[in-house]
Every structure is written in structure tokens, then in C-alpha cells.
Amino acid sequence: MADISCPKPVKLFIGILSSDKTLFGEIEVLLEKRFGQVDIKSEVIPFNFTDYYNKEMGANISRQFLSFKELINPEELSAIKIWTNELEAKIKHNNRFNVIRPINLDPGYLTYCNLILASTKDYYHRIHLQNGIYAEVTLFYQHEVFKNLPWTYPDFQTEEYKNFFLKVRTLYAKDISNN
């Protein structure tokens, strides 16, 4: 029988989706107040992989990822997803935007071997964490690259995303060695 051990801290990231590019800076400030300093962020990337969000969010949706310097306990992911959902609702009810859903926040974390996304939706490849929040392995790391799984979202399959997460993983390796 193997000994039970606590998991190592993980690297928190949050993906931001919005058709209003002014929101990216505003959200970054709010997220830094809650999760600490952003250590790397992606470019603002056009999100043209699906029209799934267009009805609620409008056209010309973009995505940006923020990675945070402070490592977290992976058990915090469900609470983080609940908090980001509450922030989405607060922004939605601000009534300053002319779309149903001005922003979508997707928290997740990265380890040496995988990239995990939080979700409120159950499916066969997701595991319930707590309080209606599920986790899925979206990418896995092998032979110095991130690889897809059958359910990996099309945007997460792009080299642009994977290259960004390789940079995040490099930062994680430095952070975890200092922890």
C-alpha cells in the first residue's frame, strides 16, 4: 500500500472570454486583488473556434489567459470557480453592457503533467469536486509538449494556447522549486 501524501501546489490560471476588450484590463485588476500578482498573460486572441457563445456574448469574442505567481492548493479550484461565477454575475448585472453575458471566466490549474479546467457541467470525463463544480483534464504533458485528449476543446488544441501554457509550465517549475 502506498503512503497517502498531500498534493503539491499548482499554478492557477484564468481564461477570460469577452467581446468587449475594455473588460480585459478591468478584470485583470479584480483578479489580482483576489489571487495576487499576474506573472504572465497571453496576448488577446480572437476566439473564432465556435459560435456557441455568440448569442449571449455577441460577435468578435476574444480570449486572454492570466497566470498567477502565487501557487494554490488544487483543492481550492471549486471555490475559485464559484467566485469567478459570482464575479461574472456581478458584471452582468452592472447593466453597462449591451450583451446578455459580457464575460466568461474559466479558471484552471497547471501541474507538471496536466492542465485542469473547472466546469459547472457534468460529463463522462469530468469528476465532481464539490458544490456542483467539476474538473477535467484538458491537456496532458508528455515528451516536452502538451497533448490533446478526445474531449479537448478546439481552442486548447492550438499551438498558440499550448505554447503559452509551456511558458506557464516553465514558470511553475521555478515556483515549485522555490516552494
Side-chain angles (χ1 to χ4, degrees), residues 1-18 24 27-28 31-32 34-53 61-81 83-84 104-130 133-179:
M1 176 171 75
D3 292 333
I4 296 173
S5 62
C6 292
K8 290 182 179 179
V10 296
K11 189 78 160 169
L12 174 66
F13 69 87
I14 297 178
I16 305 167
L17 273 180
S18 182
F24 289 97
I27 291 301
E28 182 176 347
L31 293 175
E32 280 193 317
R34 174 68 172 80
F35 302 111
Q37 178 185 356
V38 168
D39 59 2
I40 188 171
K41 59 184 170 181
S42 73
E43 298 295 321
V44 175
I45 304 163
F47 185 82
N48 50 14
F49 303 94
T50 178
D51 58 3
Y52 177 82
Y53 294 101
I61 299 170
S62 296
R63 181 184 299 275
Q64 184 176 42
F65 290 104
L66 306 178
S67 166
F68 297 86
K69 174 74 176 156
E70 187 175 326
L71 300 180
I72 64 164
N73 182 320
E75 295 171 5
E76 295 178 59
L77 185 59
S78 60
I80 291 169
K81 179 65 175 170
W83 186 87
T84 58
N104 177 23
L105 300 172
D106 293 314
Y109 65 75
L110 185 136
T111 72
Y112 277 129
C113 57
N114 56 32
L115 182 143
I116 307 293
L117 282 177
S119 178
T120 57
K121 299 175 210 81
D122 188 12
Y123 208 58
Y124 66 86
H125 63 287
R126 295 183 179 147
I127 296 173
H128 183 257
L129 298 175
Q130 61 183 14
I133 305 301
Y134 300 82
E136 86 170 31
V137 177
T138 300
L139 296 170
F140 68 97
Y141 184 84
Q142 186 179 53
H143 305 299
E144 300 182 11
V145 296
F146 279 106
K147 296 186 177 184
N148 305 327
L149 292 152
W151 50 80
T152 301
Y153 295 110
D155 53 329
F156 279 84
Q157 295 180 32
T158 65
E159 291 307 308
E160 189 169 20
Y161 280 32
K162 290 177 181 178
N163 288 335
F164 173 73
F165 287 115
L166 285 172
K167 292 175 188 172
V168 174
R169 189 177 183 277
T170 299
L171 291 174
Y172 174 66
K174 290 177 187 173
D175 293 343
I176 200 76
S177 68
N178 294 330
N179 205 349

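Just so it is clear, the structure is predicted and the values come from calculations on it, not from any experiment. Note: hydrogens, waters and symmetry copies are ignored here, and every other heavy atom, side chains too, is used. Positions are given from 1 along the sequence.
Between L110 and R169, the closest side-chain pair of non-hydrogen atoms falls below 4.5 Å. Put simply, the side chain of S62 reaches to within 4.5 Å of the side chain of F24, judged on heavy atoms. Inter-residue side-chain proximity for D155 and I45 is flagged as unmet; no heavy-atom pair is nearer than 4.5 Å.
Between the side chain of S42 and the backbone N or O of Q64, no donor-acceptor pair lies under 3.5 Å.
Within a 6.0 Å radius of CD in E144, no more than 12 heavy atoms belonging to other residues, nucleotides or ligands are found. Counting non-hydrogen atoms of other residues, nucleotides and ligands closer than 6.0 Å to CD of E32 gives a total above 12. Within a 6.0 Å sphere centred on NZ of K167, other residues, nucleotides and ligands contribute 12 heavy atoms or fewer.
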Name each donor-acceptor pair under 3.5 Å that joins a side chain in residues 1-12 to protein atoms two or more places apart or in another chain, with its distance.
| residue | atom | partner | partner atom | Å |
| --- | --- | --- | --- | --- |
| K11 | NZ | D39 | OD2 | 2.4 |
| K11 | NZ | F68 | O | 3.1 |
| K11 | NZ | D175 | OD2 | 2.5 |

Acceptor/donor pairs from residues 111-119 side chains to any protein atom, 3.5 angstrom cut, sequence neighbours excluded:
| residue | atom | partner | partner atom | Å |
| --- | --- | --- | --- | --- |
| T111 | OG1 | C113 | N | 3.0 |
| T111 | OG1 | N114 | N | 3.1 |
| T111 | OG1 | N114 | OD1 | 2.9 |
| S119 | OG | K121 | N | 2.9 |
| S119 | OG | K121 | O | 3.4 |
| S119 | OG | R126 | NH1 | 3.4 |

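Contact detail for F65 and F13: the closest heavy-atom pair is CD2-CD1, 4.0 Å. The two atoms that bring V137 and L149 nearest to each other are O-CD1, 3.2 Å, heavy atoms only. For L139 against F156, the heavy-atom pair with the smallest separation is CD2-O, 3.6 Å. E136 and Y153 get closest at one heavy-atom pair: OE2-CE1, 3.8 Å.
Checking each of V38, I27, L105 against I14 for a side chain to side chain contact (heavy atoms under 4.5 Å, CB included) leaves exactly one that passes, namely L105.
With 3.5 Å as the limit, one finds a donor-acceptor pair spanning the side chains of Q130 and S78.
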